[in-house]
Amino acid sequence: MEKLILIDGNNIIYRAFFAMPPLTNTAGQQTNAVYGFTTMLLRLIEEHKPTHMIVAFDAGKVTFRHEGYQEYKGGREKTPPELSEQFPMLKELLRELGVPQFEIASYEADDIIGTISRQADEAGRQVMIVSGDKDMLQLASEHTTVALIRKGVTDIELYGPEQIREKYNLTPLQIIDLKGLMGDASDNIPGVPGVGEKTALKLLHQFGSVEAVLAGTGELKGKMKEKLEAHADDAVMSKKLATIYREVPLEHSWEDMVFSEIKADTAGPAFAKLEFRSLLERLSLSAYAPAVAGEETEAELEAAALDITIVGTAELDELIAALPGISALHVESNGDNPHRAEVIGLGLSSPERHYFVPFALLQTPEAAKLREWLGDEKAPKSGYDLHRADLALHWQGIAFAGAANDVQLAAYLLDPTEANQNLNDLNAKYGLPRLSADEEIFSKGAKYKIPDLEVLGNHVARKSATVLGIVQKQEQELIETAMTGLFVDLEMPLSRILADMEKQGIAVNKEELKELGKELEEQISKLVTGIYETCGVEFNLNSPKQLGEILFVKLGLPVVKKTKTGYSTDAEVLEKLAPYHDAVRLILQYRTLAKLQSTYVEGLLKEISPQTGKVHTFYRQTIAATGRLSSQFPNLQNIPIRLEEGRKIRKVFVPSEPGWSILAADYSQIELRVLAHISDDENLKEAFLNDMDIHTKTAMDVFGVSSEQVDSNMRRSAKAVNFGIVYGISDYGLSQNLNIPRKEAARFIEQYFEVFKGVRRYMDDIVLEARKNGYVTTMLERRRYLPEINAKNFNLRSFAERTAMNTPIQGTAADIIKLAMVHMDKALFERGLKSRMLLQVHDELVFEVPGDELELMKKLLPEVMEGALALSVPLKAEVSFGSNWYEAK
DNA sequence: GCGCTCACG
DNA sequence: ACGTACGTGAGCGCT
């Protein structure tokens, strides 16, 4: 008798991870989830003797993240790396055991299982589905049993249609109706608020289905009736969501699912490598057991076998001769700020040979050919964080060019939310041999110490060596995710442009900045004296704890808001307290000025390079999950502008050559224009096609008045609504921002969606898309995974939904300005212009331009920016210039 | 190293 | 019923 077992791979590995105690092999890899999964698998095989078996996985590398959070420590957001590392291990092991596994792009495991079980059902075959997910019950039938895993991985309950009837008095298909009514937080199905399992069962026993319940609300009364009527759409949508898709285009045949027995010849070594000794025994494979405990793992042996040369003067010629075959390098440097980094040495790799060059050697006359190769843009190089390498080498007088393939940047595109993945994270992800951690080799922070040449050389050369393997894997993955173009034509070229901008830096008038500091100092000391007098006590004004003590205990002011650790004293709170005590207004002023002094005057002064008299920021291209850049050392993307006192800081940013000007251009309403395009909302598009003031237009539509009737308050509200729309609106958020009751905020939003119907459709669709795919994309196919779109926790899920709405908008705007930067760089080069791009501030580009190029640049810059990407509405860039950044407004 | 506060888009 | 606007970095106090 043929029997097929279908296993929900993602669900089970997650359960196993949380159910099993941590278990680590001697290589330091955690293996508990693989172990737990395997024991369950072996038990299923022994007890049920399947002739066919499939383990189904969610396609897309991170969609598994949304499972099972509730079992993990509260509030933890990311899949622990200890688990994600075990996915490739499990998949490899399944291959070695001879267990077929399926994953199909953009379908989840339950869809695959649903489809196969339907086909098997139709053919009258015996099927058992193994999962921890109750939703699977809908698949139960005459031939199909659902094995629900309860606590741990060994406690299994079997459900056929009869058992479901006993437990719920429902048919399997009615499980979908049940979910439709009661919802299921873990699958992000809203259901009808106020309807739980009990009520839902009662309704279904009475009516039979969601549709019948909704048609029959006339027979109900009271709150229940109201709720059902109000949330009829939710119920219908929830039912749809709860329905497992059973029409996945599967190319696999019944023969592809055949499982005969565990393949001993490959399973033995596999268990040995994982150090699953008990499983070796269980399968009588002890012959494969490692002879000595603590023996080196295969990965380590493989790594040890690398052909590494530590280059001294004697080996230099050999290295130089090998350069044409070398495609990967690693520049080892020390320090967070690449402009001040110490360069330690170079790892260089061809597929066959690996070299380490100490930095001292690189600087010698004998190494001229090597330096030439480093600066040769026709010698393509792969590496990890080549942007940083370029800067570090630059300040040591060594030119770098030819960055072709940055694995850090590619890893960012493949998953921009995964915090800067280091080389070892990437090795783990791709199943490549592990490197020693940098902390083991160099020690952390202040204890940083360069080890012996031998240790250092081996470590660094292995870094360049591993880049080669990573590049191969990523190439494929970029193709699969349709991001090759984004990587090759946008991000890689941009990284060189950013490095140029950073090396160039922007000049700062140090004397003027110091002068500004003196003025601030005077005002601050007056304020401090005044505050101490008014409060009748001296304390540390910079300590929120002490300030809270004074305001709320000593002066007895009302507590408006609390933080985790005590009283909140932020500006919003202080504004509310201002009428109660004279000191509060002074404290607010103190905060403003103290911020300017410490962050912008003192902070900026510290960042002025003694060599160039400029500040050289470092743009990070792999931080922001939306695709934006970020800026560090110093951050030049948050220089004050909103308040006049702060805005004056911008006066100290000046051209670096006499007779030059600062020229700036910013996109006008780029995010709302992007929204108009993506949502295809007729009204919003109309507004931009007519170049209307978008906030006034929104006010007209939301309040139903003519443009003359829009007062400043209405426009302010409309502006807040527009912001909210871009951020993924909630009535609560808007009410906070506008300081109005939530109901009123909800009315605004409702009004907005009445007039901008296309926007509402976009917001609904993008959330559904995120649920279906597990990710959202920008216009240039930049991707962001949203595993929490299915979280059980309301907060996590709502956050993911807002992110789904915001990321395509913010991310497309980021795509556009990045395109503009690449186009602008090219335009400057082709025309032989001397003007230099200096800064990017999300929707603004800042240049310094010679007097004789000013007129040309005033035309060229907005033209290029507006033409960066064609949308269904025009892009608009507004240009301005002056003798410093303040004047360019 | 983390929480709070505040600067920007 | 749940309780938040989206994306960042820096300085400071405190543990």
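Only a predicted model underlies this, so the values are computations on that prediction, with no experimental measurement involved. Letters A, B, ... are given to chains in the order of the sequence lines, protein chains preceding strands, and every chain is numbered from 1.
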Distance check needed: C:dG9 P versus A:Leu604 CG, whole Å only.
17 Å
Of the listed nucleotides C:dG9, C:dC6, C:dA10, the one nearest the side chain of A:Ile623
C:dG9
Is A:Lys595 salt-bridged to A:Glu645, going by a charged N under 4.0 Å from an acidic O?
no
Establish, from distance only, whether the side-chain atoms of A:Asn635 and A:Thr617 form a donor-acceptor pair under 3.5 Å.
no
Would you give a per-nucleotide map of nucleotides 4-9 of chain B, 5' to 3', where B means the base has a protein non-hydrogen atom under 4.0 Å away, S means only the sugar-phosphate does, and - means neither?
SSBBBB
Describe the nucleic acid contact of A:Asp666 in one word from base, sugar-phosphate, nothing, applying a heavy-atom distance below 4.0 Å.
nothing
So what does A:Gly728 hit on the nucleic acid, given a heavy-atom distance under 4.0 Å: a base, only sugar-phosphate, or nothing?
nothing
Ignoring backbone atoms, establish whether A:Thr626 has a side-chain N or O less than 4.0 Å from OP1 or OP2 of C:dT8.
no
Within the side chain of A:Tyr762, is there an N or O that forms a donor-acceptor pair under 3.5 Å with the backbone of A:Leu675?
no
Taking side chain to side chain contact (heavy atoms under 4.5 Å, CB included) as the definition, give me every residue that meets it alongside A:Ser730, ordered by chain and number, with sequence neighbours left out.
A:Tyr732
Under a plain distance cut-off of 3.5 Å, with no hydrogens placed, do A:Gln408 and A:Gln421 share a side-chain donor-acceptor pair?
no
Strictly by modelled atom types, are A:Gln637 and A:Ser631 linked by a side-chain donor-acceptor pair under 3.5 Å?
no
Whole-Å P distance, C:dT4 and B:dA7:
22 Å
With rounding to the closest Å, how many angstrom separate the P atoms on B:dC6 and C:dG3?
25 Å
Students often get this wrong, so: under 4.0 angstrom with heavy atoms, is A:Arg742 touching a base, only sugar-phosphate, or nothing?
base
Ion pair A:Glu607/A:Arg340, N-O distance below 4.0 Å
yes
Value in whole Å for how far the P atom of C:dG11 lies from CG of A:Leu593:
18 Å
Touch check for A:Ala625, heavy atoms < 4.0 angstrom, all strands: base, sugar-phosphate only, or nothing?
sugar-phosphate
Rounded to the nearest angstrom, tell me the gap between atom CG in A:Leu734 and atom P in C:dC6.
13 Å
Taking atom P of C:dG3 as reference, at what distance in whole Å does atom CG of A:Leu796 sit?
12 Å
Salt bridge or not for A:Asp415 and A:Arg784, using N-O below 4.0 Å?
no
Let me know the distance between CG of A:Leu547 and C1' of C:dC14, rounded to the nearest Å.
15 Å
Per atom distances to the A:Gln632 side chain, the nearest of C:dA5, C:dG3, C:dA10 is C:dA10
Both atom distances under 3.5 Å, Watson-Crick or G-U wobble: I'd like the secondary structure of DNA chain C as a dot-bracket string, with | for pairs made across strands.
.....|||||||||.
Specify the separation, in whole Å, of atom CZ of A:Arg620 and atom P of C:dG7.
18 Å
Quiz question: going by heavy-atom distance under 3.5 Å, is there a donor-acceptor pair between the base of C:dT4 and the side chain of A:Ser730?
yes
Going by atom types only, do A:Arg591 and A:Thr569 share a side-chain donor-acceptor pair under 3.5 Å?
yes
Just checking A:Lys202: does its NZ atom have more than 12 heavy atoms from other residues, nucleotides or ligands closer to it than 6.0 angstrom?
no
Using atom CD of A:Glu801 as one end and atom C1' of C:dC6 as the other, report the distance to the nearest whole Å.
15 Å
Rounded to whole angstroms, how far apart are CD on A:Glu607 and C1' on C:dG11?
13 Å
Measure from the ring centre of A:Tyr732 to the centre of the six-membered ring in the base of C:dT4, then say whether that distance is under 5.5 Å and the planes meet at under 30°.
yes
Have a look at A:Ala720 and say if it touches a base, only the backbone sugar-phosphate, or nothing, with a 4.0 Å heavy-atom cut-off.
base
